[in-house]
Amino acid sequence: MKTVTPPQSSTNGTNDANPAKRTHFDDKGNFKVVWDSSIDVWWHEAVADVSSECPPVWMDAEDPLFMLYTSGSTGKPKGVLHTIGGYMLYTATTFKYTFDYQPGDVYFCTADIGWITGHSYVTYGPMLNCATSVLFEGVPTYPHTSRFWEIIEKYKVSKFYTAPTAIRTLMKFGDEPVKKYDLSSLSVLGSVGEPINPEAWLWYYRVVGDSNVSIVDTFWQTETGGHVITPLPGATPTKPGSACFPFFGVDVVLLDDEGHEIKGEGEGYLVFSRPWPGMMRSVYGDHERFETTYFKKFPGYYCTGDGAKRDKDGYIWVTGRIDDMLNVSGHLLSTAQVESALVEHEAVAEAAVVARPHTVKGECLYCYVTLAEGHNYDTALITQLKNKVRGKIGAFATPDFMQLAPGLPKTRSGKIMRRVLRKVAVGDRDLGDISTLADPSVVEVLFQHRPKEAKV
Ligand code: WTA
């Protein structure tokens with residue numbers, strides 16, 4: 001334990017307020033603060049006369065609870081407004097059933113509290129269920145790449161929830177960092193944030209879960225408040241890469257371009273035909289924008305903005321944002337489909353695919369790949385990767401451009417900002433607002449790695 005040394009003498013309040021200059025460790029490793037009576041107070045003095053009771057303030061179920069700004073990867077951020085009753089009911093219920101939370105379970109969600117997953121499934125859902133939770137602040141690779149697994153062993157975590165981007169990052173270090181730890185306490189592993197490619201799903205299941213867990217691939221959005229399409233552990237037979245079936249009370253519909261319902265097998269716009277308790281109530285300060293964004297395109301439905309496929313068994317496969325779809329020679333393709341084919345190659349840790357305008361095809365595929373440890377980016381690999389996509393999807397989907405991406409432009413919540421990648425693909429430096437990127441410096445690196453043939 002570091003000890004804080006009491007003030008030797010009260011300074012005259014002229015101290016530099018920069019905390020870095022006011023604190024240091026002395027030779028013995030004790031934490032020292034240079035006391036500034038103009039801003040510093042003793043905790044025990046400050047709380048001495050404060051009541052330990054804090055009566056709740058009664059609110060209406062439809063009073064605002066919070067708003068979270070969702071950037072979308074395009075356009076002006078929207079303040080997604082949630083209300084008290086419905087949101088809390090929905091996060092409490094989805095938490096309980098999606099993770100099958102039982103007393104005695106230890107739950108660990110790696111999300112940042114500042115984003116929706118942290119709101120719904122670090123804060124509200126678990127607390128409303130009185131769940132025992134691990135709270136984590138940090139990144140999965142520091143101080144070492146076994147950070148999550150070490151925590152799971154230490155606290156005997158039984159329910160774990162993270163994002164495909166984290167899974168893929170950790171996959172690139174191989175199985176050994178996972179296998180060093182005893183993860184036998186795990187029974188449910190959750191995924192959220194983007195489509196999880198079957199490759200990552202299987203690794204999560206086999207290596208992290210030792211083929212003895214339920215994987216819950218939970219589809220939802222800031223706007224939906226909580227899970228809207230998800231398997232239920234132990235109850236839903238899963239398929240790697242599918243978020244499976246709607247949660248209780250959610251009515252999933254697939255629509256074609258004209259707004260006709262697609263029954264049975266097919267692919268279209270993912271919409272919901274009924275409200276559910278956790279749905280957002282407005283865009284803060286702009287109710288009209290709320291109506292236009294989510295309800296105008298297909299009147300009578302809530303429009304997620306995602307595309308999805310329904311297979312012959314009724315399973316839903318979310319294919320990604322409609323804005324991210326590619327149209328190559330008249331074939332509509334989802335970025336997720338191509339990315340999933342690329343990451344099947346052992347050399348590829350992560351992939352991101354965007355459309356680049358093409359005079360003949362309309363659009364062509366421009367693919368970014370991040371390599372797993374110990375692989376080289378060379379012409380042989382490029383050919384293998386192009387063939388992989390061609391073999392999986394079809395000749396029309398053969399990528400025209402491949403580019404090495406040491407890092408991908410991601411938001412702090414781990415989403416790839418494809419808007420930026422579309423700009424890099426055409427060499428356009430007019431990037432717009434990139435302030436929500438976790439690490440804006442990756443963009444310049446990408447510009448430097450553009451292949452020669454892309455420069456025409
Ligand atoms: C995507 C995060 C496929 C989707 C909770 C959605 C998913 C957007 C999945 C919302 C999933 C989230 N499978 N895609 N399991 N989960 N998405 O608002 O495109 O940060 O519309 O909420 O993430 O992102 P948001």
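Below, all heavy atoms of this structure are taken into account, side chains as well, without hydrogens, waters or symmetry copies. Just follow the structure's listing: the first ligand is 1, and inside any ligand the first atom is 1.
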Chemist: Quick one: which of Asp306, Val80, Thr222 has a heavy atom closest to atom 19 (O) of ligand 1?
Modeler: Asp306
Chemist: Would you call Glu194-Arg168 a salt bridge at under 4.0 Å N-O?
Modeler: yes
Chemist: Could you tell me whether Ile229 approaches ligand 1 through its side chain, its backbone, both or neither, with non-hydrogen atoms closer than 4.0 Å?
Modeler: neither
Chemist: Within a distance under 4.0 Å of any heavy atom of Ile116, pick out the atoms of ligand 1 and give their elements.
Modeler: 2 (C), 5 (C), 22 (O)
Chemist: Hey, does Gln221 come in under 3.5 Å of ligand 1, counting only N/O atoms on both sides?
Modeler: yes
Chemist: Name the closest protein heavy atom to atom 3 (C) of ligand 1, giving the residue it belongs to and the distance to 0.1 Å.
Modeler: Pro195 N, 3.1 Å
Chemist: Please report whether ligand 1 has a polar contact with Ser191, defined as an N or O pair separated by less than 3.5 Å (distance criterion only).
Modeler: no
Chemist: List every atom of ligand 1 that sits less than 4.0 Å from any heavy atom of Val318, numbering the atoms from 1 in the order shown and giving each element.
Modeler: 3 (C), 14 (N)
Chemist: Do Glu363 and His358 have side-chain heavy atoms sitting under 4.5 Å apart?
Modeler: no
Chemist: Are any of the N or O atoms of Lys415 closer than 3.5 Å to those of ligand 1?
Modeler: yes
Chemist: Give me the nearest non-hydrogen protein atom to atom 11 (C) of ligand 1 as residue plus atom name, then the distance to 0.1 Å.
Modeler: Glu194 O, 3.5 Å
Chemist: Considering only non-hydrogen protein atoms, determine which one is nearest to atom 10 (C) of ligand 1 and report residue, atom name and distance to 0.1 Å.
Modeler: Trp220 O, 3.6 Å
Chemist: More than 12 heavy atoms of other residues, nucleotides or ligands under 6.0 Å from NZ of Lys156: is that the case?
Modeler: no
Chemist: Counting each atom of ligand 1 from 1 as listed, which ones have a heavy atom of Val192 under 4.0 Å away?
Modeler: 5 (C)
Chemist: Out of curiosity, Thr162 OG1 to Leu170 CG, how far, rounded to the nearest 0.5 Å?
Modeler: 7.5 Å
Chemist: With the threshold set at 4.0 Å, does a side-chain nitrogen-carboxylate oxygen contact exist between Lys239 and Asp217?
Modeler: no
Chemist: Is the closest basic N to carboxylate O distance between Lys179 and Glu176 below 4.0 Å?
Modeler: no
Chemist: Quick test of your reading of the model: are Glu339 and Arg418 salt-bridged, counting only N-O distances below 4.0 Å?
Modeler: yes
Chemist: Judged on heavy-atom distance to atom 17 (N) of ligand 1, which of Gly226, Gly414, Gly225, Gly193 sits nearest?
Modeler: Gly193
Chemist: When the ring planes of Phe66 and Tyr124 are compared, do they come out parallel, tilted or perpendicular, using 30° and 60° as the limits?
Modeler: parallel
